[in-house]
Amino acid sequence: MAHVINDECIACGICLSECPVDAISEGDIYVIDPDLCTDCGACMDVCPTGSISQE
Ligand code: SF4
(Lines give C-alpha, C1' and ligand atoms only; values in the text may rest on other atoms or scores of the structure.)
Protein backbone atom coordinates (compact mmCIF):
# COMPACT_ATOMS: atom_id res chain seq x y z
CA MET A 1 0.00 0.00 0.00
CA ALA A 2 1.06 3.54 -0.72
CA HIS A 3 -0.40 6.96 -1.22
CA VAL A 4 -0.98 8.04 -4.83
CA ILE A 5 -1.36 11.39 -6.59
CA ASN A 6 -4.06 11.63 -9.25
CA ASP A 7 -4.28 13.85 -12.35
CA GLU A 8 -5.95 16.68 -10.45
CA CYS A 9 -2.46 17.57 -9.18
CA ILE A 10 -1.54 21.14 -10.15
CA ALA A 11 2.16 20.59 -9.33
CA CYS A 12 2.11 23.30 -6.66
CA GLY A 13 4.87 21.59 -4.70
CA ILE A 14 3.38 21.98 -1.24
CA CYS A 15 3.51 18.24 -0.53
CA LEU A 16 7.15 17.86 -1.50
CA SER A 17 8.65 19.23 1.72
CA GLU A 18 6.08 17.44 3.89
CA CYS A 19 7.22 13.93 3.00
CA PRO A 20 9.57 12.61 5.71
CA VAL A 21 11.07 9.97 3.41
CA ASP A 22 11.41 12.05 0.20
CA ALA A 23 9.09 9.73 -1.72
CA ILE A 24 7.56 12.49 -3.85
CA SER A 25 9.06 13.49 -7.21
CA GLU A 26 8.39 16.64 -9.22
CA GLY A 27 6.88 16.57 -12.71
CA ASP A 28 3.91 17.75 -14.76
CA ILE A 29 2.02 16.00 -12.02
CA TYR A 30 3.84 14.81 -8.93
CA VAL A 31 4.50 11.13 -8.30
CA ILE A 32 4.90 9.09 -5.10
CA ASP A 33 7.37 6.21 -5.12
CA PRO A 34 5.39 3.30 -3.65
CA ASP A 35 8.58 1.60 -2.50
CA LEU A 36 9.51 4.56 -0.29
CA CYS A 37 6.06 5.71 0.90
CA THR A 38 5.27 4.71 4.49
CA ASP A 39 1.59 5.75 4.27
CA CYS A 40 2.05 8.42 6.93
CA GLY A 41 -0.53 10.69 5.28
CA ALA A 42 1.39 13.95 5.74
CA CYS A 43 1.18 14.85 2.06
CA MET A 44 -2.54 14.15 1.86
CA ASP A 45 -3.24 16.60 4.68
CA VAL A 46 -1.59 19.53 2.86
CA CYS A 47 -2.71 18.97 -0.76
CA PRO A 48 -4.93 21.94 -1.74
CA THR A 49 -6.68 20.03 -4.52
CA GLY A 50 -7.31 16.81 -2.63
CA SER A 51 -5.31 14.92 -5.26
CA ILE A 52 -3.65 12.49 -2.89
CA SER A 53 -5.33 9.36 -1.63
CA GLN A 54 -4.44 6.02 -0.13
CA GLU A 55 -4.31 3.34 -2.80
FE1 SF4 B 1 5.55 10.66 1.92
FE2 SF4 B 1 3.83 10.12 3.89
FE3 SF4 B 1 2.91 11.06 1.55
FE4 SF4 B 1 3.88 8.58 1.70
S5 SF4 B 1 2.03 9.34 2.74
S6 SF4 B 1 4.37 10.10 0.10
S7 SF4 B 1 5.55 8.82 3.22
S8 SF4 B 1 4.24 12.15 3.02
Side-chain angles (χ1 to χ4, degrees):
M1 299 290 274
H3 278 59
V4 292
I5 301 175
N6 67 35
D7 60 10
E8 289 174 34
C9 172
I10 58 171
C12 67
I14 289 173
C15 60
L16 206 61
S17 61
E18 296 298 323
C19 181
V21 294
D22 289 331
I24 305 175
S25 305
E26 292 178 60
D28 290 339
I29 65 170
Y30 282 37
V31 176
I32 297 173
D33 184 336
D35 293 328
L36 294 177
C37 177
T38 61
D39 274 336
C40 72
C43 56
M44 192 167 68
D45 291 343
V46 299
C47 179
T49 60
S51 304
I52 305 177
S53 56
Q54 194 160 16
E55 198 168 46

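Just so you know, these numbers come straight off a predicted model, no measurement behind them.
For residues 3-30, every residue pair satisfying the side-chain hydrogen bond (donor to acceptor under 3.5 Å, both in side chains) rule, not counting sequence neighbours, is listed here: H3-D39.
Rounded to the nearest 0.5 Å, atoms CD1 (I24) and CG (L16) are 6.0 Å apart. Taken from CD1 in I29 to OG1 in T49, the straight-line distance is 10.5 Å, to the nearest 0.5 Å.
For G27 against A11, the heavy-atom pair with the smallest separation is O-CB, 3.7 Å. The two residues C9 and S51 have their closest heavy-atom pair at N-OG, 3.2 Å. Nearest heavy-atom pair, C15 versus V46, reported as atom, atom and distance to 0.1 Å: CA-CG2, 3.9 Å.
Between S53 and V4 there is a side-chain heavy-atom pair separated by less than 4.5 Å. Taking the side chain as every heavy atom from C-beta outward, P34 and I32 never approach each other to under 4.5 Å.
Every residue was checked against the side-chain hydrogen bond (donor to acceptor under 3.5 Å, both in side chains) condition with T38, not counting sequence neighbours, and none meets it.
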